Every structure is written in structure tokens, then in C-alpha cells.
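Just so you know, these numbers come straight off a predicted model, no measurement behind them. Note that these values count all heavy atoms, side chains included, but never hydrogens, waters or copies made by symmetry. Below, read A as the first sequence line, B as the second, and so on, with proteins coming before strands; counting in each chain starts at 1.
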2 protein chains.
Amino acid sequence: MKIPKPAIRRLAVYYRCLQRLKEEGKEKTSSKELAQRLGIKACQIRKDLSYFGEFGKRGVGYNIDNLLEKLKAILGLESVWKAIVIGAGNLGKAIAGYKGIKEQGFDVVALFDVDGRKVGKKVNEAEIHHMDDLEEFVKENNVKIAVICVPKESAQQVAEAAEKAGVEGILNFAPTVINVSVPVENVDIAVSLKSLTFQIIRRKGKEK
Amino acid sequence: MKIPKPAIRRLAVYYRCLQRLKEEGKEKTSSKELAQRLGIKACQIRKDLSYFGEFGKRGVGYNIDNLLEKLKAILGLESVWKAIVIGAGNLGKAIAGYKGIKEQGFDVVALFDVDGRKVGKKVNEAEIHHMDDLEEFVKENNVKIAVICVPKESAQQVAEAAEKAGVEGILNFAPTVINVSVPVENVDIAVSLKSLTFQIIRRKGKEK
DNA sequence: TAGATTGTTAATCGATTAACAATC
DNA sequence: TAGATTGTTAATCGATTAACAATC
């Protein structure tokens, strides 16, 4: 079955909302409650879930623990994903040190940089290695994900090196399109800012 | 006219690609060339541009300088946008110190945090202020954009404070939905990672 | 039973793409 | 003129939403 790309991102959002509901001590919820919290339509939530199965009880709703387990399996979060951060600048170090990522089932096991002076330093438990050691490290440590935090000029080259080394997916923070055969997710701060300024201007135009 | 939301983000990507072409010394380009660089269809580029006017010459293509100017106006980049970063943790400091943002017409003029020990320290030229001084600072300095880098628990409250202080748009890095009346763009690292793991798993399923 | 809420179908809406006349 | 490339229309494709039977 074809699954809309936006539906996947929403599943991840539902997952987080369910975690929150659980923290609040709730045991069951409904598409209506989730929809209200997230500002979307209830039928969209039901539709998104229906791509993968029937997880609720009619007339009752969803058991939170159960739905969390199901989403965990769908999103591939049953085991911890080993990741590396390439580019140990401010952003790379911030990502590597970000606790939220570990909580969500991702483990940044090392950073890589071309700057020899950074090699050996640590960000939490993760050590900074030299780029020359990338391939060996990825293979020996079974790293699955590379987070690219290098300047745009070297992003394509770094992505190719990561793919060659054997990573299976790339999270790209560099402001450029990268072309590899493994899946890539882009986090584009500059583009998001520009989309924001466009909306601000449009909004002002409409106010009048 | 209704403009597809994805089209706006693509305009920002075209803008960046044109900057790159210019750096390479080129003076003209075509929808075909841009499409090849960006891995999308040429007719999509022409369609996206057509929402805003006619910027090319039939049989010839686009003048890069001219198209850059037009996109600059569309995206609202003709003047510098003053921004603040709220939350002076690792991520907040990394964003504030990120040179790419300044190059693109955004100026982070200050950071804010509730931790008094951080107050007075600097990230490049931007000083860290206490949250209590947010409203006064925003008003006096004509700040338009707030970048939220606080934990999810305080994100909603901080967003409301920023809105009340007078910012016109919010870039939200906190992993939660925030509800305000000004435009919000979300940069959701955890969601992007989960979307990535879903794709990795699906891809493996198909290979067999 | 009556009320609630799911899962799913069908309708609507929105976005992308193909195709081509216009024109440089 | 011949070749190239735009701008735009119409067709297609994909995503969202409304509505409701199923059922707890």
C-alpha cells in the first residue's frame, strides 16, 4: 500500500503525544483527544493509523500502552539506532549532546571531523575521531545513521563517504541537496526561516 | 491566488541554488539546469515561479541576478530580520553562532534564558539576557523573529511570552506542538529521525 | 439499549506533471 | 528560419476530509 509521506511524520508526532499522555498518567485516549492536542482532524489520525492495522476499540478508543507499542514497531524504534555525527562544530556538538535524541532511541556513539585538533575530545560519552577513520568505525560499530553537520561545500562528499562506509540513512543539516542512494532527511534551518518570513509578510498583507 | 505550501520552501531552495550558480560565475540558467541540480522536475520550477510572475525569457532562460532579486522580494529578504534565540543551551548557542543564518539575511541580536548564571555571557556579538527582560528588549529593538530552543515543557509558555512581547514569527526547535496566532515553523529533529528509520526499514523490506 | 468511537468508503480538495502554444 | 525554453492549461496523481456503518 502507498502511504503518504506526511502521514509518517504525523505518526512520529502521535507517538510523542502518546508518551506525554502516558506521563500524565492516562491509560486510554481517543482520536478526538489526540486531534485536539495536536490541532489536526480526528479522522486524519484514524486514517493514518488504518494504513497499518486496527489498533483501537470501537466505542472505546485506544489503549495508550498498546498504541505506543504498535507505533514503536512501525517506526522501527524497537531497538536503539547507532548514529554518528559528522562535523564537530557548534551544531554537531549540540546535536551529539542533545539528551532528547537518546531518550527517543538513538545513540550518538561518535563524532567525526577533519580538524586534527578536535580529535580525542569528547561530547558526553562520544569521542571525536578523524574523518580518515570513518569507514573502519562505521563497519566495526554497526553504525546505521550519519548526521551531517558540515559546511555545504563538503556535504555531498561527506555523504558519499558515509554511504560507502555503510550507513543506511542520513540526517542532513547542511544547507544543500545531497544525492545518495540511501534515505536522506533534510533539516533545513535557512529554508524554514525563509518560509517563515514569507508567511509573516503574507499575513501582514491580509490584515489590511 | 492559493500558493502550495511546499512551493514556498522550494522557492527558498531555488534561491540558494541560484546563489551557488552565481558564485560559480554563471549569469543565466534555465528551469532544466535548476531541476537537474535539485533533483526535481523542470515544470515544477516554472509552475512555482508562475505564481508570482514571469521572470524568464522564452527560448532563453532566466537571468540569475534578476531572478535572485525577484525571489528576494517574494521571500521578504530585502531587509535584515532581527531575531532572538530563547534558550541558551547547546542548541540555542549553536543556532545563535551559526554564520549561515547571518549570510541569509537574519541577525540574531540576543539570547534569553531563565538561568541567571548565563546572563551577560556572549555568543559572538549577541549577549545572553534574562527572560524577564524579553518584552522590553523585543519592543525596543524591533525584534521580529523568536527562535525557541527551550525544553518541551516550557515551549508553549515561552512562545506565548514571545508573541505577547511582539514577535511576528516563531521558529520552534522544541519537540512539541505550540499554539499561537503568529506563524510558526517547526524544526523537529526527533520526528525527522523517526521518519528516517521508517524509510530505512521499508527500504530493507523491498530489497528482498 | 443508548451513546461513543472506531475503521473505511467515497467525495473533495490540493499539488504535481505532461503537453504545448507562445515567443525569444 | 530552426531550435530552445518559457508560461500556462488541462490531466493526473496524491492527500485530506466528511460521512456513516460497524461495533464496543
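In summary, Arg9(A) and Glu185(A) engage in a salt bridge, as defined by a charged side-chain N under 4.0 Å from a carboxylate O. Salt bridge present: Asp113(B) and Lys118(B) bring a charged side-chain N and a carboxylate O closer than 4.0 Å. Salt-bridge annotation for Glu27(B) and Lys22(B): absent, with no side-chain N of the basic residue lying under 4.0 Å from a carboxylate O of the acidic one. Between Lys70(B) and Glu78(B) no salt bridge is recorded (no basic side-chain N to carboxylate O distance below 4.0 Å). Taking a cutoff of 4.0 Å between a charged side-chain nitrogen and a carboxylate oxygen, Asp65(B) and Lys28(B) do not qualify as a salt bridge. With salt bridges taken as basic N to acidic carboxylate O contacts below 4.0 Å, none links Glu160(B) and Lys164(B). The pair Lys144(B)-Glu168(B) counts as a salt bridge, with a side-chain nitrogen and a carboxylate oxygen less than 4.0 angstrom apart.
The distance from atom CG of Leu11(A) to atom P of dA15(D) is 13 Å, rounded to the nearest whole Å. Protein atom CZ of Phe52(A) is 14 Å distant from nucleotide atom P of dG7(C), rounded to whole Å. Rounded to whole angstrom, the span from the CD atom of Gln44(B) across to the C1' atom of dT6(D) amounts to 16 Å. A straight line from CD1 of Ile3(A) to C1' of dA15(D) spans 13 Å, rounded to a whole angstrom. Look at CG on Asn66(A): it is 15 Å from P on dC24(D), rounded to the nearest Å. Atom CD1 in Ile40(B) sits roughly 10 Å away from atom P in dT16(C) (whole-Å rounding). Atom-to-atom, NZ of Lys2(A) to P of dT16(D) comes out at 13 Å; the value is rounded to the nearest Å. Between Ile8(A) atom CD1 and dG14(D) atom P there is a gap of 15 Å when expressed in whole angstrom units.
Of all nucleotides listed (dT16(C), dA15(D), dC24(D)), dA15(D) comes nearest to the side chain of Pro6(A). The side chain of Lys41(B) lies closest to dA18(C), out of dA15(C), dA18(C), dC24(C).
In this structure, a donor-acceptor pair under 3.5 Å is absent between the side chains of Tyr98(B) and Asn90(A). Looking only at atom types and distance, the side chain of Ser181(A) has a donor-acceptor partner in the side chain of Glu163(A) under 3.5 Å away.
Of the residues in residues 27-38 of chain A, those placing a heavy atom less than 4.0 Å from an atom of DNA chain C are Ser30(A), Ser31(A), in numerical order.
Residue Tyr62(B) places no side-chain N or O under 4.0 Å from the OP1 or OP2 atom of dA4(D). One finds a side-chain N or O of Arg10(B) lying less than 4.0 angstrom from the OP1 or OP2 phosphate oxygen of dT16(C).
One finds the CG atom of Leu34(B) at 4.0 Å from the OG1 atom of Thr29(B) (value rounded to the nearest 0.5 Å).
The two atoms that bring Cys149(A) and Phe173(A) nearest to each other are SG-CD1, 4.1 Å, heavy atoms only.
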Could you walk me through whether His129(A) and Phe137(A) pass the ring-ring contact (aromatic ring centres under 6.0 Å, His included) test, one step at a time?
CA-CA 9 Å; His129(A) 298 248; Phe137(A) 188 95; 4.8 Å; yes
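Residue order along DNA chain D, read from the 5' end via each residue's closest nucleotide, puts Gly56(B) first among Gly56(B) and Asp48(A).
Rounded to 10 degrees, the angle separating the terminal axes of the helix from dG3(C)-dC24(D) to dC24(C)-dG3(D) is 10°, with each axis obtained from five end pairs.
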Write out a two-atom table: protein N or O, nucleotide N or O from nucleotides 8-13 of chain C, distance below 3.5 Å.
unit_1: dT8(C); atom_1: OP1; unit_2: Glu54(A); atom_2: OE2; d: 3.2

